[in-house]
Amino acid sequence: MSARVDVQLDALTGLRASQPGAQPAPCELADAGKTFYLETFGCQMNAHDSEKVAGVLLGRGYRQVETVDAAKLVLYNTCSIREKAAQKIYSRLGAYRKYAGEEKIIGVLGCVAQQEGEEIFERSPWVRLVCGSASYSKLPELIDELESGNRRVMGLDKDTDATFETEITRRDNPFRAYLTIIEGCDKACSYCVVPFTRGPERSRASASVLQEARRLADAGYSEIQLLGQTVNSYADPSAKRLSFAELLVAVAAVPGIRRVRFTTSHPRDFGRDIVEAIDTVPQLCDHVHLPVQSGSTRVLREMLRTYTREQYLEKIAMIRAARRPISVTSDIIVGFPGETDEDVHDTLSLLDAAQYDGVFAFQYSPRPNTTAQHMPDAIPEEEKGRRLALVMDRQREIQRARNEALVGQTFEVLVDGGSRRPGQWSGRSSSNRILNFTSPQPELLGEYVQVRVFSASPNCLIGEQVI
Ligand code: SAM
Ligand code: SF4
């Protein structure tokens, strides 16, 4: 059970000039005393939002620091998808009561900010800034207001397009660049808070997406990950009216781009044209994240997921029929209200049928404003834990078998990590598998190399570089 976060934002305060995407060192622009500390919780969209926030602040002469003590501005980019994530913020804020009355500005950004609004000021009066994700481009004005003596400021727009563009986006991952193509969500899954925290669906014009993709390629990025809560529900608002599959093909055609990923896909809007695009365009990664949430049609109906188990498995069959093997991963929720042993059995049998290469499994957590919040027959926490373990155990065995079947194969890997031990490297294949491997080469970060797999575990492949 884990969330998908690829970058440790507060650990990376600058990029080496030799790395793709390197921008002027923050301190070159900085005004002494204007410092910020930024901590991020949650999904890739939040990680990317933090890159936008950091860009806005760096553009205003702020410098990023690594400790709360050293910062004038302390920001938390928050996640409210599950109750525990939201509670964590209040306990973090509790620790900053000691700064009440000091110069330091404490701010809450993101989904908890959007969800709780003024309530945050009431519960933690030392907080001075509350700003939701659609208002990040307004951060400079909000900070101006604070600097000119306003005690508290709030930005809680929900449906602006401004969220796509900030003055500068500071990229934290030197190898993979995130690019938001659709914001918000118009689905209404009964358990999910996202439509309330991120507002209605808004797609970005295809020309603007392509312009940013070209800018990223010029900055040296070769891998782009298109982001959206329901990325494949993309609807080009411009006269070009590109479909999602056409947009994928167009981004993949940008000179210099070697890999294009996208996440998260909603099963209902996942069509054959996407599979055909992956089949024909080698730059499109052979990986689809297609969350099912439950293997029981009865539970899916209660979740308002808009598909049945059978319809979902038809989508999987369509992906498996591709000429190129495509890796599929998923999200599962266990312990939804009223979930029976039979429903759990259906989820376990769906794991067998779908043969995922990875699963993020979560215990259901009731969220404010959602229809499931008031559903009867809540499942006790202990029982949710037992069901989660069942799902994870079954999936671990599936992954072990699937990964063992790859021993002997060779994958192209984009190297994104090294180890303290010389000659040890790691990276990801187009199918998003993690490969840990050995190589005699002294420097491989950012390189594409061929790696032959000689052993496997449920979560990674182990191999050596083919030279
Ligand atoms: N838009 C994506 C989709 O439709 O699959 C999911 C986005 S959501 C940020 C990521 C995952 O969090 C969901 O796929 C779901 O498994 C999980 N999740 C969302 N709400 C939840 C809740 N109330 N309790 C537990 N898990 C939840
Ligand atoms: Fe939440 Fe459902 Fe929208 Fe995904 S599709 S963000 S789970 S409401």
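Small disclaimer: the values here were computed from a predicted structure and weren't measured. Remember, it's 1-based here, ligands and their atoms both numbered in the order they're listed.
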Backbone N/O of Arg176 and side chain of Glu223: donor-acceptor pair under 3.5 Å: no

For ligand 1, which atoms sit closer than 4.0 Å to a heavy atom of [X]?
| X | value |
| --- | --- |
| Thr264 | 2 (C), 5 (O) |
| Gln229 | 1 (N), 2 (C), 7 (C), 9 (C) |
| Gln363 | 24 (N), 25 (C) |
| Pro291 | 5 (O) |
| Tyr364 | 24 (N), 25 (C) |
| Arg367 | 23 (N) |

Within the 3.5 Å criterion, strictly below it, is a donor on [X] or [Y] matched to an acceptor on the partner's side chain?
| X | Y | result |
| --- | --- | --- |
| Tyr448 | Ser222 | yes |
| His289 | Thr329 | yes |
| Ser238 | Asp236 | yes |
| Ser296 | Ser294 | no |
| Tyr234 | Glu201 | no |

Ligand 1 N/O within reach of [X] N/O, cut-off under 3.5 Å:
| X | answer |
| --- | --- |
| Ser265 | no |
| Arg305 | yes |
| His266 | no |
| Gln293 | yes |

Which residue and non-hydrogen atom of the protein lie closest to [atom], and at what distance in Å?
| atom | result |
| --- | --- |
| atom 8 (S) of ligand 1 | Ile81 CD1, 3.8 Å |
| atom 27 (C) of ligand 1 | Arg82 NH1, 3.4 Å |
| atom 10 (C) of ligand 1 | Asp331 OD2, 3.8 Å |

Beyond-backbone contact of [X] with [Y], side-chain heavy atoms, under 4.5 angstrom:
| X | Y | result |
| --- | --- | --- |
| Val254 | Leu216 | no |
| Tyr37 | Leu75 | no |
| Tyr76 | Leu38 | no |

Pocket residues of ligand 2, ordered first by chain and then by residue number (heavy-atom cut-off under 4.0 Å): Cys185, Lys187, Cys189, Tyr191, Cys192, Val194, Pro195, Gln229, Thr230, His266, Arg305

Tyr191 and ligand 1 - part of the residue with a heavy-atom distance under 4.0 Å: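 Both the backbone and the side chain of Tyr191 come within reach of ligand 1.
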
Cation over ring face, Arg123 and Tyr90, 6.0 Å, 45°: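 That pair qualifies as a cation-pi contact.
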
From CD1 (Ile278) to CG (Asp286), nearest 0.5 Å: 8.0 Å

Reported CZ-to-SG distance for the pair Arg367 and Cys111, which is rounded to 0.5 angstrom: 10.5 Å

By side chain to side chain contact (heavy atoms under 4.5 Å, CB included) - contacts of Cys285 (at least two apart): Arg259, Arg261, Ser430

Ligand 1 contact by Met45, heavy-atom criterion under 4.0 angstrom: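 False for this residue.
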
Lys187 to ligand 1, any heavy atom closer than 4.0 Å: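 No, that is not the case, since the closest heavy atom of the residue is not under 4.0 Å from the ligand.
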
For the student: nearest non-hydrogen atoms of Leu351 and Val391, plus distance: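 Minimum heavy-atom contact is CD1-O, 3.7 Å.
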
Proximal candidate to atom 22 (C) of ligand 1 [heavy atom criterion; set Ser365, Cys185, Ala372]: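 Looking at heavy atoms only, Ser365 sits closest to atom 22 (C) of ligand 1.
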
